[in-house]
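Note that these values count all heavy atoms, side chains included, but never hydrogens, waters or copies made by symmetry.
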Amino acid sequence: MKKSFGSRPLLVLAALVGLLVVIPPALLDANAKQRPSRPPKPQETAVAKPQETINAWTVGLAGGLLEGAPIRFAAEMARVVDDGDNLHVLPVVTRGPTENVNSLLYLRGIDAAIINSDSLDEYKNQVPDIQRKITYVLNLFPSELHIFVRPEIQSLADLAGKKVNFNTLGTAAAYSGPLIFSRLGLDVEKTFIPHQIALEQMRKGEGGMAAVVFITSKPVDAFVRGKFDPGFKFLPVPYSNNLEDYYLPSTLDASDYPNLIKQGEHVGTIAVSTALVAFNWPASSNRYERVARFVEHLFSRLDKLQGPGFDPKWKSINLAASVPGLTRFPAAQVWLDNHAHESQASQ
């Protein structure tokens, strides 16, 4: 015969609840002291800052594609000039140094950008006063032209009508490459696919790919680490009068590419300046003051960028170097005038 407990389960539950309720507070405190303290949640320690404080000294810096050198330089600058609420530089990933001119002219929140100087050529007709809207802060580094070809190609003339890859749209090669080829009088079949795909086609002799064009600071990892059959090479590019407005003469040699260039040999080429530029804000504006503070921090801390842990190209930067076609940001020129000795020492 089953026994009925009736309401006993409810009474037991009530008794247990009552026991928990009447535990002395002192005992609870003792137990709490024996447990490790819980680390505070982020929202419990973060201090909310007024919108004005966050934005007052923030500088938007258009860098470039994630895989490119410009965004790396932008990130390194941001790290060194950071000064809490007094200066905060935000590197922005963009479609590339050519598109950065658009970003600087039209994108909200962008005060400065890294561009290739020849990208201004495209804006001469669209923005006739482009030289008054954009000023340069610093000539960062040269981006060398690399024309890498298959063994059967012996000269630039041999590329006429052949398939040549200029990397994906938005890259420096995709803009500057066709522009340079036009100035050199070279009419080729242009393709814009990722370079790693084009290089593989070149290796295998597939798709009629005769050459790839890189425009970036040497040495290029694809050529340093890549394995190529004998005959693959860089073509020399002559420096002529119609290149003087944006380009400088340069060379590639065995120290850059020991597996492709013999010791003691040099391959002449050209380079385009990659520069840090700023919008030409009115001198009395807050945006001007932000960029001026950024310039002061950057120039005065250049020695940190030239130390360990940063791109080696910082060591070769000359603060006084100019950028063809542009005038210098006024605050940068003032800093150089006031620190003439330091700027001469960095040359």
- prompt: So do the side chains of M77 and F294 get within less than 4.5 Å of each other, counting heavy atoms only?
  reply: yes
- prompt: Can you get from L199 to I147 by hopping between Ile, Leu, Val, Met, Phe, Trp and Tyr side chains that sit under 4.5 Å apart?
  reply: no
query: Which pair of non-hydrogen atoms, one from L243 and one from P238, has the smallest distance, and what is that distance?
result: CD1-O, 3.7 Å
task: Could you tell me whether the side chain of L140 reaches within less than 4.5 Å of the side chain of F73, counting heavy atoms only?
output: yes
- prompt: Rounded to the nearest 0.5 Å, what separation is found between the CG atom of D129 and the CD atom of Q131?
  reply: 8.5 Å
message: Test your reading of the model: is there a side-chain donor-acceptor pair from Y288 to the backbone of A331, 3.5 Å cut-off?
response: yes
query: Just wondering, do Y247 and L179 contact through their side chains at under 4.5 Å, heavy atoms?
result: yes
- prompt: Can you tell which of L252, T269, V213 makes a side-chain contact (heavy atoms from CB on, under 4.5 Å) with H146?
  reply: L252
- request: Grab the two heavy atoms, one from I71 and one from L65, that are nearest each other, plus how far apart they are.
  value: CG2-O, 3.0 Å
- prompt: Can you check whether D111's main-chain N or O pairs, donor with acceptor, with R287's side chain at less than 3.5 Å?
  reply: no
Within 6.0 Å of CD in Q263, more than 12 heavy atoms from elsewhere: no
message: A quick test of your reading: do over 12 heavy atoms of other residues, nucleotides or ligands sit less than 6.0 Å from CZ of R95?
response: no
- prompt: Out of curiosity, L235 CG to L156 CG, how far, rounded to the nearest 0.5 Å?
  reply: 5.5 Å
message: Does D245, at its CG atom, have more than 12 non-hydrogen atoms belonging to other residues, nucleotides or ligands within less than 6.0 Å?
response: yes
- request: Measure the spacing between OG1 of T171 and CZ of F192 and express it to the nearest 0.5 Å.
  value: 8.5 Å
task: For residues Y123 and K133, determine if any side-chain heavy atom of one lies less than 4.5 Å from a side-chain heavy atom of the other.
output: no
- line: CG of D85 to CH2 of W57, rounded to nearest 0.5 Å, is 12.0 Å
F279 reachable from L90 in the ILVMFWY side-chain graph, under 4.5 Å edges: no
Linked, directly or transitively: I110 and F329 (ILVMFWY side chains, under 4.5 Å): yes
- line: In this structure, CZ of F234 is separated from CG of D256 (nearest 0.5 Å) by 8.5 Å
message: Working note: F299 + H339, criterion ring pair (Phe, Tyr, Trp, His ring centres under 6.0 Å); need CA distance, chi angles, decisive distance, verdict.
response: CA-CA 10 Å; F299 283 16; H339 299 78; 9.1 Å; no
message: If hydrophobic clusters are built by linking Ile, Leu, Val, Met, Phe, Trp and Tyr wherever their side-chain heavy atoms come under 4.5 Å apart, do L248 and V277 end up in the same one?
response: no
- request: Check the pair E200 / R203 against salt bridge (Lys or Arg N to Asp or Glu O under 4.0 Å), numbers first and verdict last.
  value: CA-CA 5 Å; E200 191 61 26; R203 282 192 186 97; 3.1 Å; yes
- prompt: Do Y257 and P219 touch side chain to side chain, with heavy atoms closer than 4.5 Å?
  reply: yes
- line: For N116 and S143, the nearest pair of non-hydrogen atoms, with its separation, is OD1-OG, 4.2 Å
- request: Using modelled atom types only, decide if a donor and an acceptor are shared between the side chain of D82 and the backbone of R79 within a distance under 3.5 Å.
  value: no
message: Could you check whether any side-chain N or O of E144 sits under 3.5 Å from a backbone N or O of A271, counting only pairs where one atom can act as donor and the other as acceptor?
response: no
message: Go through it in stages, so that I can follow the logic: the residues are L298 and V80, the test is side chain to side chain contact (heavy atoms under 4.5 Å, CB included), and I'd like the CA-CA distance, side-chain angles, deciding distance and then a yes or no.
response: CA-CA 7 Å; L298 177 62; V80 164; 6.0 Å; no
- request: Over all heavy atoms of both residues, which pair between V164 and M209 is shortest? Give the atoms and the distance, please.
  value: C-SD, 4.2 Å
message: Pair R183, D118 - check salt bridge (Lys or Arg N to Asp or Glu O under 4.0 Å), show working.
response: CA-CA 12 Å; R183 293 191 178 200; D118 64 348; over 6 Å; no
message: Can you tell me which residue among L105, L107, V101 is in a side-chain contact (heavy atoms from CB on, under 4.5 Å) with S103?
response: L107
message: I'd like to know if the side chain of K315 reaches the main chain of K313, judged simply by a donor and an acceptor atom lying under 3.5 Å from each other, with no hydrogens or angles considered.
response: no
- request: Could you pull out the closest heavy-atom pair between L169 and A174, with the gap in Å?
  value: CA-CB, 3.9 Å
- request: Answer yes or no: is there a donor N or O on one side and an acceptor on the other, between the side chain of S300 and the main chain of H297, under 3.5 Å?
  value: yes
field: Side-chain heavy atoms of K233 within contact of L260, under 4.5 Å
entry: no
message: Once rounded to the nearest 0.5 Å, what's the spacing between atom OH of Y175 and atom CD1 of I180?
response: 10.0 Å
- prompt: Does L120 reach the side chain of L326, with side-chain heavy atoms less than 4.5 Å apart?
  reply: yes
message: Taking atom CZ as the centre, does R132 end up with more than 12 heavy-atom neighbours from other residues, nucleotides or ligands that are less than 6.0 angstrom away?
response: no
task: Answer with yes or no whether the hydrophobic clustering places L159 together with F232; edges join I, L, V, M, F, W, Y residues whose side-chain heavy atoms lie under 4.5 Å apart.
output: no
- prompt: Does any N or O in the side chain of K163 come within less than 3.5 Å of the main-chain N or O of G207, such that one atom is a donor and the other an acceptor?
  reply: yes
field: Nearest heavy atoms of D311 and R72, plus distance in Å
entry: OD2-NH2, 2.8 Å
message: Walk me through whether L302 and W314 qualify under side chain to side chain contact (heavy atoms under 4.5 Å, CB included).
response: CA-CA 8 Å; L302 183 64; W314 283 110; 3.9 Å; yes
field: Donor-acceptor contact present, side-chain E76 to main-chain F310, <3.5 Å
entry: no
message: For a 4.5 angstrom cut-off between non-hydrogen side-chain atoms, does S250 reach Y239?
response: no
query: So, the side chain of N100 versus the backbone of I114: is there a donor-acceptor pair under 3.5 Å, distance only?
result: yes
- prompt: Does any N or O in the side chain of D253 come within less than 3.5 Å of the main-chain N or O of H266, such that one atom is a donor and the other an acceptor?
  reply: no
field: Ring geometry between F148 and F223 (parallel below 30°, tilted from 30 to 60°, perpendicular above 60°)
entry: tilted
